[in-house]
S.K.: 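Here it is, the structure, as structure tokens.
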Amino acid sequence: MNQINSKEKKNEIINLILDLKKNGINDLDVLRVIETLPRFYFIEESIKSKANLNIALPIECGQTISQPLVVAFMTQALELNKKHRVLEIGTGSGYQTAVLSLLSRFVYTVERFKTLKTIAEEKLKKLEFKNIFLKHDDGGFGWESQAPFDRIIVTAAAPEIPNALIEQLTDNGIMIIPIGEDNDTQFLIKIKKNNKEIKSKKLIPVRFVPLLEGKKFS
Ligand code: SAH
């Protein structure tokens with residue numbers, strides 16, 4: 001079945017957008033991107049039918065593609081514009097990466113699983129995204145050779161904010177990161193850097209896979 005044209009799928013997307021609006025997503029650019037970017041491209045064949053539901057889903061390497069509401073919430077909190085250079089830690093499926101790329105100038109994304117990096121890279125290439133650069137590495141160290149970044153988004157939870165990421169944020173930059181232990185309650189934290197001073201604000205409770213140290217070759 002053609003997922004784009006089916007009436008049922010269109011209704012699912014309308015319901016998803018209504019759900020996002022109900023939950024505080026009011027940035028029209030973010031809503032437009034979520035509405036038009038097909039999430040099913042980034043999901044394994046066997047669960048593609050669930051692509052438009054507002055739920056996290058499993059991807060390869062035991063990781064997850066985040067819930068659309070969380071993707072929308074984090075993207076909205078980043079206050080993006082088309083001049084921004086964005087660093088993403090945790091490419092995963094590449095879905096959040098694609099969302100970011102449609103709202104910014106360049107996206108640099110780091111993934112510790114080579115398999116995930118390779119799959120995401122192929123998909124993003126097929127979809128003709130030209131402003132995304134991918135790297136297989138431990139994202140806890142950021143991407144020093146391309147720093148500084150106007151915006152940083154971390155899509156895996158860390159016990160504390162990695163210093164390297166703070167250093168690679170521009171002055172007036174914004175970082176969104178889930179902080180907390182895996183089994184504890186994690187919170188999304190919004191960090192603003194002004195004149196080297198760091199201000200952080202707790203946003204909402206979340207549940208992310210952990211930000212792990214080292215890069216994995218599988
Ligand atoms: N934004 C992704 C989320 C994937 S889950 C999506 O919606 O598809 C989080 C991702 O972070 C996983 O792919 C995991 O492998 C990756 N990750 C965990 N620790 C990492 C690290 N230290 N460096 C880079 N990526 C990491």
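When a ligand or atom number is given, it counts from 1 through the structure's own listing order. Small disclaimer: the values here were computed from a predicted structure and weren't measured.
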S.K.: Can you tell me the protein heavy atom closest to atom 7 (O) of ligand 1 and the distance?
M.R.: Ser66 N, 3.1 Å
S.K.: Evaluate whether atom NZ of Lys114 has more than 12 neighbouring non-hydrogen atoms of other residues, nucleotides or ligands under 6.0 angstrom away.
M.R.: no
S.K.: Looking only at side-chain N and O atoms, does Thr97 offer a donor or acceptor that is under 3.5 Å from a partner on Glu88?
M.R.: yes
S.K.: Does Lys48 pair with Glu44 as a salt bridge, N-O distance under 4.0 Å?
M.R.: no
S.K.: Of the protein's non-hydrogen atoms, which lies at the shortest distance from atom 12 (C) of ligand 1, and what is that distance?
M.R.: Gln63 OE1, 3.3 Å
S.K.: Checking a contact table here: which protein heavy atom is nearest atom 16 (C) of ligand 1, and how many Å away?
M.R.: Glu111 OE1, 3.4 Å
S.K.: Are a donor atom and an acceptor atom from the side chains of Asn194 and Asp171 found within less than 3.5 Å of each other?
M.R.: no
S.K.: Is the shortest distance from a Lys or Arg side-chain nitrogen in Lys125 or Glu122 to a carboxylate oxygen in the other one below 4.0 Å?
M.R.: no
S.K.: Strictly below 4.0 Å, N to O, side chains only: are Glu79 and Lys190 in salt-bridge contact?
M.R.: yes
S.K.: Specify side chain, backbone, both or neither for Leu116, according to which of its non-hydrogen atoms lie closer than 4.0 Å to ligand 1.
M.R.: side chain
S.K.: Ignoring hydrogens and geometry, is there a side-chain-to-backbone donor-acceptor pair from Asp138 to Gly214 under 3.5 Å?
M.R.: yes
S.K.: Does atom NZ (Lys196) have a neighbourhood of more than 12 heavy atoms from anything else shown, all under 6.0 Å?
M.R.: no
S.K.: Would one find an N or O of Arg112, backbone or side chain, under 3.5 Å from an N or O of ligand 1?
M.R.: yes
S.K.: With heavy-atom distances below 4.5 Å as the criterion, would you say the side chains of Phe208 and Gln186 are in contact?
M.R.: yes
S.K.: Considering non-hydrogen atoms of the protein only, which is the closest contact for atom 21 (C) of ligand 1, and what is the distance?
M.R.: Leu212 O, 3.5 Å
S.K.: Identify, for atom 5 (S) of ligand 1, the protein heavy atom at the shortest distance, and state residue, atom and that distance.
M.R.: Thr64 O, 3.1 Å
S.K.: For atom 18 (C) of ligand 1, what's the nearest protein heavy atom and its distance?
M.R.: Pro210 O, 3.6 Å
S.K.: Starting from atom 6 (C) of ligand 1, locate the nearest protein heavy atom and write down its residue, its atom name and how far away it is, to 0.1 Å.
M.R.: Ser93 OG, 3.6 Å
S.K.: Is the shortest N/O to N/O distance between Gly139 and ligand 1 below 3.5 Å?
M.R.: yes
S.K.: Around atom 10 (C) of ligand 1, find the nearest protein heavy atom and jot down its residue, atom name and distance.
M.R.: Gly90 CA, 3.7 Å
S.K.: Does Thr91 reach ligand 1, in the sense of a heavy atom lying below 4.0 Å from it?
M.R.: yes
S.K.: Return a yes/no value for Asp138: is any of its N or O atoms, backbone included, closer than 3.5 angstrom to an N or O of ligand 1?
M.R.: yes
